[in-house]
Amino acid sequence: MNAELFINVSAEEMQIALMEDKRLVELRKEKRNVQFEVGDIYIGKVHKVMPGLNAAFVNIGYGKDAFLHYLDLGPQFRTLQKFLEQVISRRQADNSLPHVKRENDIEKDGTIADVLTAGQEILVQVVKEPISTKGPRLTSEISIAGRNLVLIPFSDKISVSKKIKSGEERNRLKKVLGNVKPKDFGVIIRTVAQGKTESELEEEFQQLIKRWETCVSRVREVRPPSLALGEMERSSVMLRDLLSPAFNAIYVNDEAFYEETLKYVKQIAPDRTDIVKFYDGKVAMFDNFNIEKQIKQSCGRAVSIKSGAYLIIETTEALNVIDVNSGNRSKNANNQENNALDVNLAAAEEIARQLRLRDMGGIVVVDFIDMSSAEHRTKLYEKMKECMANDRTKHNILPLSKFGLMQITRQRVRPVMNMDTAETCPMCHGTGKTDVHIDMKENIEQAIAQAFEEKNEKITVHCHPYVYSHLKKGFPSQILRWKAKYGFGKLKVEQSESLGIVEFRID
């Protein structure tokens, strides 16, 4: 598999597209001044404590208060709070953690009122961006992610990704991090750390420690609500999480972002800097690499699969609904059951792609074409799991219900991306009204007469091919009459497919 990343930067927004084997699989589109990204760490102030919800609403500077549930406080919340109070009061001599005496873990079945009060300052991290009318979702289990490691303050645990199967490699990685990790810092070893040298892991660990110290220094200087530590640019986040040997090119059309991307790739993969390329072509980058066309084809309400089959995708506040339709395939099918299986298997591939492409989250209900064979239903379920194996977002898939519905839950950390693929009607220009067709010839002739009055020279009339055919019909045709009236050598009529049926242009 060949992967290519495209970073399209404009004055107001940034678009990031991931192509796998020339097929668009992920797309991010956001304003340049976007706030409250997943991973941002804030010093906030508790606005309301809600015992009924066992949660609190925290002011972090967003229009609506952010939501913090008791279960998201983390077991070492009291230790974090004690540390924060010492930092704010400047009693802490430096930014290191060993000086903080560990407090007892909070109770798993405790209540929010036991640990939080209104007006209390608190260190939190965004785990879900604002969606619809809801504010951000928060956690107090702070973590700072890197390429190979994730740093967790106030924890001594070393965890290794379950995707690293080799017991020998897991033990090696634990030993390496155990030698460099100071007390009161936990770490998660990510899958890409497999095979990394001790010096590489130690260097990244020290970088994460410096980021944590930067966060602590910021907390000393600001008053809540304020940002303490921002996540990296989205392009760098995608590179951090996605960059693999399959990547063969990263295209950037903005010089500043190109330099930033090149600098980051040098940090995480010094031997791969040649894949970062600056795009300065005359044709827009997304048009040149066929991305815009794929967006138009793939992000509408109806999405074609193959051989006439298609999906209908509807997004609501509560859930996403996908309907699989065989279209005109059913007319050519000899065996209805086999045809349903064939369409459903193809739909599973496209649905897995659509979930990544639109970043659809929450509950997804898929209405597949009914199949009576239990073997076919199991085959479809296994195919769906296989297609979603490469989806990095946490998800869960249930087998088909007796009604032929498949339920999928996919972690939602940001709003689903709805791309507007509709274009303004070239005939009515969005007004919903057009000129009376019977007046078409009269309107064109008036424009011709006015053009000859303004300049007594050759003119060319451009019109839609349908109108052109109508004007040439009969003998003498309307075009021949106009030429006889205004001069055979002065008037020319041409057809243009770029014009609407009731449009015309005179040059």
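Predicted, not measured: the structure shown is a model, and the values here were computed from it.
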Report yes if the side chains of [X] and [Y] come closer than 4.5 Å at any heavy-atom pair, otherwise no.
{"X": "L398", "Y": "N396", "result": "yes"}
{"X": "Q354", "Y": "V303", "result": "yes"}
{"X": "R190", "Y": "K163", "result": "no"}
{"X": "N344", "Y": "V324", "result": "yes"}
{"X": "F67", "Y": "P136", "result": "no"}
{"X": "I408", "Y": "V365", "result": "no"}
{"X": "K45", "Y": "Q120", "result": "no"}
{"X": "F185", "Y": "S155", "result": "no"}

Closest contact, heavy atoms only, [X] versus [Y]:
{"X": "L68", "Y": "L138", "answer": "CD1-O, 3.5 Å"}
{"X": "E169", "Y": "G195", "answer": "OE2-N, 2.8 Å"}
{"X": "L311", "Y": "E350", "answer": "CD1-CG, 3.7 Å"}
{"X": "I189", "Y": "A193", "answer": "CG2-CB, 3.6 Å"}
{"X": "E198", "Y": "V176", "answer": "CG-CG1, 3.6 Å"}
{"X": "E204", "Y": "N148", "answer": "OE2-N, 2.7 Å"}

So, does [X] use its side chain to make a donor-acceptor pair with the main chain of [Y] at under 3.5 Å?
{"X": "T316", "Y": "L319", "answer": "yes"}
{"X": "N171", "Y": "G167", "answer": "yes"}
{"X": "R410", "Y": "M360", "answer": "yes"}
{"X": "S226", "Y": "V222", "answer": "no"}
{"X": "E103", "Y": "Q76", "answer": "no"}
{"X": "R172", "Y": "Q194", "answer": "no"}
{"X": "N179", "Y": "K175", "answer": "yes"}
{"X": "N288", "Y": "V283", "answer": "no"}
{"X": "T139", "Y": "D72", "answer": "yes"}

| task | Please test N2 against D21 for side-chain hydrogen bond (donor to acceptor under 3.5 Å, both in side chains), starting from the C-alpha separation and ending with a verdict. | result | CA-CA 5 Å; N2 292 325; D21 294 328; 4.6 Å; no
Just checking, any donor-acceptor pair under 3.5 angstrom between side chains of [X] and [Y]?
{"X": "S298", "Y": "R353", "result": "yes"}
{"X": "N320", "Y": "T315", "result": "yes"}
{"X": "N59", "Y": "H47", "result": "no"}

Output yes when [X] and [Y] qualify as a salt bridge under the 4.0 Å nitrogen-oxygen rule, no when they do not.
{"X": "E349", "Y": "K383", "result": "yes"}
{"X": "E503", "Y": "R505", "result": "no"}
{"X": "D105", "Y": "R78", "result": "no"}
{"X": "D156", "Y": "K181", "result": "yes"}
{"X": "K196", "Y": "E203", "result": "no"}

| message | Does I122 form a side chain to side chain contact (heavy atoms under 4.5 Å, CB included) with V58? I'd like the steps, not just the answer. | response | CA-CA 9 Å; I122 182 174; V58 183; 4.0 Å; yes
More than 12 foreign heavy atoms under 6.0 Å from [atom1] of [X]: is that the case here?
{"X": "R223", "atom1": "CZ", "result": "no"}
{"X": "D271", "atom1": "CG", "result": "yes"}
{"X": "K134", "atom1": "NZ", "result": "no"}
{"X": "E382", "atom1": "CD", "result": "yes"}
{"X": "E255", "atom1": "CD", "result": "no"}
{"X": "I106", "atom1": "CD1", "result": "yes"}
{"X": "Q407", "atom1": "CD", "result": "no"}

| field | side chain to side chain contact (heavy atoms under 4.5 Å, CB included) between K263 and E260, intermediate numbers included | value | CA-CA 5 Å; K263 179 180 178 182; E260 180 183 327; 5.7 Å; no
| message | Before you tell me yes or no, could you show the steps for E13 and S10 under side-chain hydrogen bond (donor to acceptor under 3.5 Å, both in side chains), namely the whole-Å CA-CA distance, both residues' side-chain angles and the distance that decides it to 0.1 Å? | response | CA-CA 5 Å; E13 67 180 12; S10 64; 4.9 Å; no
| request: Begin with the C-alpha distance, continue with both residues' side-chain angles, and end with the deciding distance and a verdict on salt bridge (charged side-chain N to carboxylate O under 4.0 Å, His left out) for E26 and R28. | output: CA-CA 7 Å; E26 288 193 35; R28 298 282 186 273; 3.8 Å; yes
| field | Residues F154, F83; criterion ring-ring contact (aromatic ring centres under 6.0 Å, His included); working and verdict | value | CA-CA 10 Å; F154 310 104; F83 172 77; 5.5 Å; yes
Rounded to the nearest 0.5 Å, what separation is found between the [atom1] atom of [X] and the [atom2] atom of [Y]?
{"X": "I313", "Y": "I351", "atom1": "CD1", "atom2": "CD1", "value": "7.5 Å"}
{"X": "I397", "Y": "C387", "atom1": "CD1", "atom2": "SG", "value": "9.0 Å"}
{"X": "L149", "Y": "I144", "atom1": "CG", "atom2": "CD1", "value": "12.0 Å"}
{"X": "I7", "Y": "D254", "atom1": "CD1", "atom2": "CG", "value": "9.5 Å"}
{"X": "E202", "Y": "Q207", "atom1": "CD", "atom2": "CD", "value": "11.5 Å"}
{"X": "L201", "Y": "Q206", "atom1": "CG", "atom2": "CD", "value": "11.5 Å"}

| said: Using the rule given for side chain to side chain contact (heavy atoms under 4.5 Å, CB included), can you reason through E141 versus Q125, listing the C-alpha separation, both sets of side-chain angles and the distance that settles it, and then say yes or no? | reply: CA-CA 8 Å; E141 292 190 273; Q125 188 168 27; over 6 Å; no
| query | Does the ring center of F286 lie less than 6.0 Å from the ring center of F6? | reply |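 Not close enough - the centres of the two rings lie 6.0 Å or further apart.
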| Check against salt bridge (charged side-chain N to carboxylate O under 4.0 Å, His left out), R137 and E129 | CA-CA 7 Å; R137 177 86 181 243; E129 294 178 9; over 6 Å; no
| query | In a check of ring pair (Phe, Tyr, Trp, His ring centres under 6.0 Å) between Y251 and each of F289, Y279, F278, which one passes? | reply |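 Going through F289, Y279, F278 one by one, the ring pair (Phe, Tyr, Trp, His ring centres under 6.0 Å) with Y251 is satisfied by F289 alone.
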| request: For L24 and L357, run side chain to side chain contact (heavy atoms under 4.5 Å, CB included): C-alpha distance rounded to whole Å, both residues' side-chain angles, the deciding distance at 0.1 Å, then the answer. | output: CA-CA 7 Å; L24 183 64; L357 183 59; 3.6 Å; yes
